[in-house]
Amino acid sequence: MIPINKIRNERDRVEAGLHKKNFKEIHLINELLKIDDNRKTTQRQLDDILSRSNNFSKSIPQLIKEGKTSEAEAAKKESASLKAETQNLSDELKDIERKILDIHTQIPNVPHENVPAGKTPEDNVEVRNGGTIPNLPEKAFPHWELTKKYDIIDFDLGSKITGAGFPVYKGKGAKLQRALIQYFLDKAIDAGYLEIMPPLMVNGESAYATGQLPDKEGQMYQNQDGFYMIPTSEVPVTNIYRDQVISESELPIKMTAYSQCFRREAGSYGKDVRGLNRLHQFDKVEIVQLVKPENSYATLDQMVKHIENLLIELELPYRVLSLCGGDMSFASAHTFDLEVYSAAQKRWLEVSSASNFEDFQANRLKARYKNAEGKIELCHTLNGSALALPRIVAALLENNQTESGIRIPSVLIPYTGFEMI
RNA sequence: GGAGAGAUGGCAGAGUGGUCGAUCGCGAUGGUCUUGAAAACCAUUGACUGUAACAGGUCCGGGGGUUCGAAUCCCUCUCUCUCCGCCA
């Protein structure tokens, strides 16, 4: 949520930004500010009555001590009748606060000024690319055939055991998963991230704090205890700092986590979901940072470079996209997507998304720090996939296929223990 | 799952109906002293809301109740600890 004071003080900039994000309900800004004004006046009325009631209450012990029983009784009556007056006001206030929250949670974050304008993925801007797209022979196989040919990932078996989108990794397929996870974690740890192994289920408060609730409820699996299976480790990891005030010297906080991720992906269909392209359960290594506001964009660049370097070392052709306003997620102020080219499918696959949420997520999380002057401010939060496995595997299998098998990039060989599948 | 005990400021830990937003200690910050540091001593030190700044209001795990007044009494939920049961 955008801090309300920010909306108040920089209203033009906020509205222009929301427009860029293709947000249709700009009128909500006006409603929010109006109802917040209402909140303040109601709060003041209530506080005033409470204050008077408190004064009567406080005088009672003294009056009793002095033996002024009838005056004490009168004070009790005064206080009680004032208290009765507060009932309506405090109900009203609760109602107002509910409305504020309801409106507030519908307003997305404001994009950074460098975010390109646009509404659809076609409007995203390629900022750079790297690697070379391999020239595969005409009869090159898409990964879902390669996985069958070498018997390394079994989609049908997963369907039998659970359902579509829950593949079974076997033999070298399983080893390749572990190798990638280990490699990604090692690189993140080398870059100064603290490894976290979080719970794979979270409660509603956590899901709310990072913004999965209320709008993305349908995307998560929920169990009979009301817990949600995490769609990304961003949720539990970022929630470590929920309701925390940390000291400035602790920043930046850098955390990385491997986890399996669970997404219902209701409504997906067709070639987009074939093979490894879209799964209900998948593996991902995530990087998360909490930083001082003035450093957050330098941090975003640094995170994108980190992810990019992984793709370079894996020898995959990639491109970095700056997402346009309309294609960015609700909470993001600036997002870079990294895509790799899957040579047999002849398409780009998103393998990472790195975002700066500025103070939007921190405001909901209440993740704050105390600066040098002792003032409490919101942190900026960022996260990125480094990396999500399935599409990396898809591209590796397709791009590296040869007559004699699938070549493992050299950086992974120490982890896999084999050079070919 | 059953029985009992508990949850208070960064930590530790008092407080069982009336100036308690909360004693003391540790920690942290500033200062004195010192070449510097340690020690010692002095001072400051919870959050949210609100105001131009004061004032005011709210918060003692969450929610509700009793009362003029609740950290303190009652109900409820969550979590932690001890014992029993079950178990990778």
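Small disclaimer: the values here were computed from a predicted structure and weren't measured.
Considering A/Glu313, A/Glu419, A/Glu315 as possible partners of A/Ser410, the one that fulfils the side-chain contact (heavy atoms from CB on, under 4.5 Å) test is A/Glu315. A/Pro111 pairs in a side-chain contact (heavy atoms from CB on, under 4.5 Å) with only one of the listed residues (A/His334, A/His19, A/Glu358, A/Lys21), which is A/Lys21.
With rounding to whole Å, A/Lys375 atom NZ is found 19 Å from B/rU45 atom P. Here the P atom of nucleotide B/rU78 and the CZ atom of A/Phe227 are 10 Å apart, to the nearest Å. Taking atom CG on A/Leu93 and atom P on B/rC59, their separation rounds to 13 Å, with Å as the unit. One interatomic measurement links the two molecules: CG of A/Asn203 to C1' of B/rG62, which rounds to 12 Å at whole-angstrom precision. Distance, A/Leu89 CG to B/rG57 P: 15 Å, rounded to whole Å. What separates CG of A/Asp243 from C1' of B/rC59 is a distance of 13 Å, to the nearest Å. The CD1-C1' distance, from A/Ile246 to B/rA28, rounds to 16 Å in whole Å. Protein atom CD1 of A/Ile376 is 9 Å distant from nucleotide atom C1' of B/rG46, rounded to whole Å.
Taking only side-chain nitrogens and oxygens, A/Arg368 comes nearer than 4.0 Å to OP1 or OP2 of B/rC48. Residue A/Arg39 places at least one side-chain N or O under 4.0 Å from the OP1 or OP2 atom of B/rG50. Regarding contacts with the backbone of B/rG57, every side-chain N or O of A/Arg52 stays at 4.0 angstrom or more from both OP1 and OP2. Under 4.0 angstrom from either OP1 or OP2 of B/rG64 there lies at least one side-chain N or O belonging to A/Lys94. Distances shown here put a side-chain N or O of A/Asn54 below 4.0 Å from the OP1 or OP2 atom of B/rU58.
A perpendicular orientation is assigned to the rings of A/Tyr183 and A/Tyr415, their planes being inclined by more than 60° (bins at 30° and 60°). In this structure, A/Phe360 and A/Phe330 have perpendicular ring planes: the angle between them is above 60°, well past the 30° mark. Taking the six-membered ring where tryptophan is involved, the planes of A/His280 and A/Tyr221 are perpendicular, since the angle between them exceeds 60° and thus also 30°.
Annotation: B/rU72 and B/rG64 have their P atoms spaced 14 Å apart (nearest Å). Look at the P atom in both B/rU66 and B/rC75: the space between them is 15 Å, to the nearest Å. Here, B/rA39 and B/rC33 have their C1' atoms 11 Å apart, quoted to the whole Å. Atom P of B/rA55 sits at a distance of 15 Å from the matching atom of B/rA47, rounded to the whole Å. Straight-line distance between the C1' atoms of B/rG69 and B/rU58: roughly 16 Å, to the nearest whole Å. A gap of 15 Å separates the P atoms of B/rG61 and B/rA14, to the nearest Å. Spacing of C1' atoms, B/rU80 relative to B/rA22, comes out at 24 Å, to the nearest Å. Comparing the same atom, C1', in B/rU23 and in B/rG13 gives a spacing of 10 Å after rounding to whole Å.
Take the nearest nucleotide of RNA chain B for A/Asp36 and for A/Ser51: the residue whose nucleotide is more 5' is A/Asp36. Mapped onto RNA chain B by nearest heavy atom, A/Asn5 and A/Leu46 fall at different nucleotides, with A/Asn5 at the one closer to the 5' end.
Residue-environment remark: CE (A/Met197) stays at or below the threshold of 12 foreign heavy atoms within 6.0 Å. Within a 6.0 Å sphere centred on NZ of A/Lys170, other residues, nucleotides and ligands contribute more than 12 heavy atoms.
With A/Phe418 as the aromatic partner, A/Lys172 meets the cation-pi criteria of under 6.0 angstrom to the ring centre and within 45 degrees of the ring axis. In this structure, A/Arg364 forms a cation-pi arrangement with A/Tyr208, its terminal cationic atom sitting closer than 6.0 Å to the ring centre and no more than 45° off the ring axis.
Between the side chains of A/Asp283 and A/Gln177, at least one donor N or O sits under 3.5 Å from an acceptor N or O.
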Below 3.5 Å is the cut-off: list the nitrogen or oxygen pairs between protein and nucleotides 67-72 of chain B, distance only.
unit_1: B/rC68; atom_1: O4'; unit_2: A/Lys76; atom_2: O; d: 3.2
unit_1: B/rC68; atom_1: O2'; unit_2: A/Ser57; atom_2: OG; d: 2.7
unit_1: B/rC68; atom_1: O2'; unit_2: A/Ser79; atom_2: OG; d: 2.3
unit_1: B/rG69; atom_1: OP1; unit_2: A/Lys83; atom_2: NZ; d: 2.9
unit_1: B/rG69; atom_1: O4'; unit_2: A/Ser57; atom_2: OG; d: 3.4

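Nearest to the side-chain atoms of A/Lys40 among the listed nucleotides B/rU51, B/rG57, B/rC48 stands B/rU51. Nearest nucleotide to the side chain of A/Lys370, out of B/rG56, B/rA47, B/rU58: B/rA47.
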Item checked: Secondary structure of RNA chain B in dot-bracket form (Watson-Crick or G-U wobble, distances below 3.5 Å, | marking inter-strand pairs) -> ((((((((.[[...)..(......]]((((((.......))))))((((......)))).[[[[[..)....]]]]])))))))....
Item checked: Trace of the side-chain hydrogen bond (donor to acceptor under 3.5 Å, both in side chains) decision for A/Thr335 with A/Ser353 -> CA-CA 7 Å; A/Thr335 297; A/Ser353 190; 5.1 Å; no
